[in-house]
Amino acid sequence: QAQLVESGGGLVQPGGSLRLSCKASDFTLNDYLNYYAIGWFRQAPGKEPAGVACFSSSDSSTYYEDAVKGRFTISRDRAKNTVYLQMDSLKPEDTGIYYCATDRPRFSAVTYCNGTLYENEYWGQGTQVTVSS
């Protein structure tokens with residue numbers, strides 16, 4: 001079964017940077033990654049996953065959670081069929097499991113990102129990000 005695969009997580013000190021990557025396990029999801037709605041959802045310890053950065057082709061909009069604005073950037077490289085989350089100036093509260101997700105572009109990015117991870121048509125297994133000194 002096709003799925004998304006995240007990578008790039010790890011342990012980083014406060015103020016550091018990480019770049020997460022998301023690829024499809026096979027080509028059947030490439031159109032989703034390249035043209036549909038994509039999002040990064042973070043599950044902080046003891047909490048449900050919540051959207052932090054999303055893009056929707058329904059209106060070509062991008063949304064960032066207030067806490068990550070100016071520090072995180074979502075992007076996609078169609079030539080590589082890959083979605084990225086560049087995370088700079090990391091803080092301890094950014095700690096969590098980061099999931100990549102994709103769905104058909106039914107909503108604007110803000111609506112999509114405020115939905116739940118499990119409403120997506122596809123999502124990955126997640127990659128752990130720990131920000132600690």
Side-chain angles (χ1 to χ4, degrees):
Q1 181 178 352
Q3 62 180 357
L4 301 177
V5 180
E6 303 94 337
S7 62
L11 173 63
V12 62
Q13 292 187 341
S17 296
L18 284 174
R19 188 176 77 160
L20 306 183
S21 300
C22 172
K23 295 198 70 169
S25 61
D26 66 51
F27 70 94
T28 57
L29 291 185
N30 284 345
D31 279 351
Y32 281 80
L33 290 181
N34 291 333
Y35 302 109
Y36 293 172
I38 54 172
W40 287 94
F41 292 73
R42 176 179 63 218
Q43 184 171 23
K47 296 187 177 181
E48 291 294 313
V52 297
C54 298
F55 174 83
S56 178
S57 55
S58 69
D59 60 352
S60 297
S61 62
T62 304
Y63 168 83
Y64 295 96
E65 178 196 37
D66 285 347
V68 308
K69 280 181 182 177
R71 301 189 297 119
F72 288 15
T73 304
I74 186 172
S75 63
R76 52 187 170 194
D77 185 334
R78 288 177 177 153
K80 296 182 179 180
N81 299 313
T82 303
V83 172
Y84 300 101
L85 183 67
Q86 177 67 42
M87 305 187 295
D88 298 319
S89 302
L90 282 161
K91 303 177 180 180
E93 51 264 42
D94 295 322
T95 293
I97 302 172
Y98 284 73
Y99 298 90
C100 170
T102 186
D103 201 358
R104 295 181 185 271
R106 297 173 290 161
F107 310 111
S108 66
V110 60
T111 300
Y112 170 60
C113 228
N114 281 294
T116 69
L117 172 68
Y118 308 114
E119 291 174 330
N120 282 272
E121 193 162 352
Y122 297 96
W123 62 90
Q125 296 299 308
T127 185
Q128 176 70 46
V129 172
T130 302
V131 185
S132 175
S133 54

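These numbers were taken from a predicted model, which means no experiment stands behind them.
- For Tyr122, the ring pair (Phe, Tyr, Trp, His ring centres under 6.0 Å) criterion is met by Tyr32, not counting sequence neighbours.
- Cluster annotation: Val83 is connected to Val52 through the hydrophobic network of ILVMFWY side chains, with a link wherever side-chain heavy atoms come within less than 4.5 Å.
- Considering only residues two or more places apart in sequence or on other chains, Lys69 meets the side chain to side chain donor-acceptor pair (under 3.5 Å) condition with Asp66.
- Note: the hydrophobic cluster containing Ile38 also contains Phe72 (ILVMFWY, side chain heavy atoms under 4.5 Å, direct or indirect links).
- Applying the side chain to side chain donor-acceptor pair (under 3.5 Å) criterion to Ser7, with sequence neighbours excluded, gives no partner residue.
- Judged by distance alone, the side chains of Ser132 and Thr130 never bring a donor and an acceptor atom under 3.5 Å apart.
- Between the CZ atom in Phe55 and the OH atom in Tyr64 there is a gap of 10.0 Å [rounded to 0.5 Å].
- Nearest heavy-atom pair across Ser61 and Asp59 is OG-OD1, 2.5 Å.
- With sequence neighbours excluded, the residues satisfying side chain to side chain donor-acceptor pair (under 3.5 Å) with Thr28 are Asp26.
- Qualifying side-chain contact (heavy atoms from CB on, under 4.5 Å) partners for Ser89, counting only residues two or more places apart in sequence or in other chains: Arg71.
- The CG atom of Leu4 lies 10.0 Å from the CD atom of Gln125; values are rounded to the nearest 0.5 Å.
- Here the CG-CD distance, from Leu85 to Glu6, works out to 11.0 Å after rounding to the nearest 0.5 Å.
- Of the N and O atoms on the side chains of Tyr99 and Gln43, at least one donor lies less than 3.5 Å from an acceptor on the other residue.
- Expressed to the nearest 0.5 Å, how far CG of Leu29 lies from OH of Tyr36 amounts to 10.5 Å.
- Counting only residues at least two apart or in different chains, salt bridge (charged side-chain N to carboxylate O under 4.0 Å, His left out) contacts with residues 37-53 comprise Arg42-Glu65, Arg42-Asp94.
- When atom types are taken as modelled, the side chain of Ser57 and the backbone of Pro105 share no donor-acceptor pair closer than 3.5 angstrom.
- The other members of the hydrophobic cluster of Val110, by chain and number, are Tyr63 (side-chain heavy atoms under 4.5 Å, ILVMFWY only).
- With sequence neighbours left out, Thr111 forms a side chain to side chain donor-acceptor pair (under 3.5 Å) with Ser108.
- The 12-atom threshold is exceeded at CD of Glu93, counting heavy atoms of other residues, nucleotides or ligands nearer than 6.0 Å.
- For Asn81, the side-chain contact (heavy atoms from CB on, under 4.5 Å) partners at least two apart in sequence or on another chain are Asn30, Asn34.
- At distances below 3.5 Å, not a single donor-acceptor pair connects side-chain atoms of Thr73 with backbone N or O atoms of Gln86.
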Could you give the side-chain donor-acceptor pairs of residues 8-23 under 3.5 Å, partners two or more places apart or in another chain?
residue: Ser17; atom: OG; partner: Asp88; partner atom: OD1; Å: 2.8

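- Counting only residues at least two apart or on different chains, the salt bridge (charged side-chain N to carboxylate O under 4.0 Å, His left out) pairs with a member in residues 104-113 are Asp103-Arg106, Arg104-Glu121.
- With values rounded to the nearest 0.5 angstrom, Trp40 atom CH2 is found 8.0 Å from Met87 atom CE.
- For the residue pair Phe41 and Pro49, the shortest heavy atom distance occurs at CB-CB, 4.4 Å.
- Of all heavy-atom pairs between Leu117 and Ala101, the closest is CD1-CB, 3.8 Å.
- Contact annotation: the side chain of Asn120 approaches that of Tyr112 to within less than 4.5 Å [non-hydrogen atoms, C-beta and beyond].
- Membership of an apolar cluster is not assigned to Phe27, as no side-chain contact below 4.5 Å to another ILVMFWY residue is traced.
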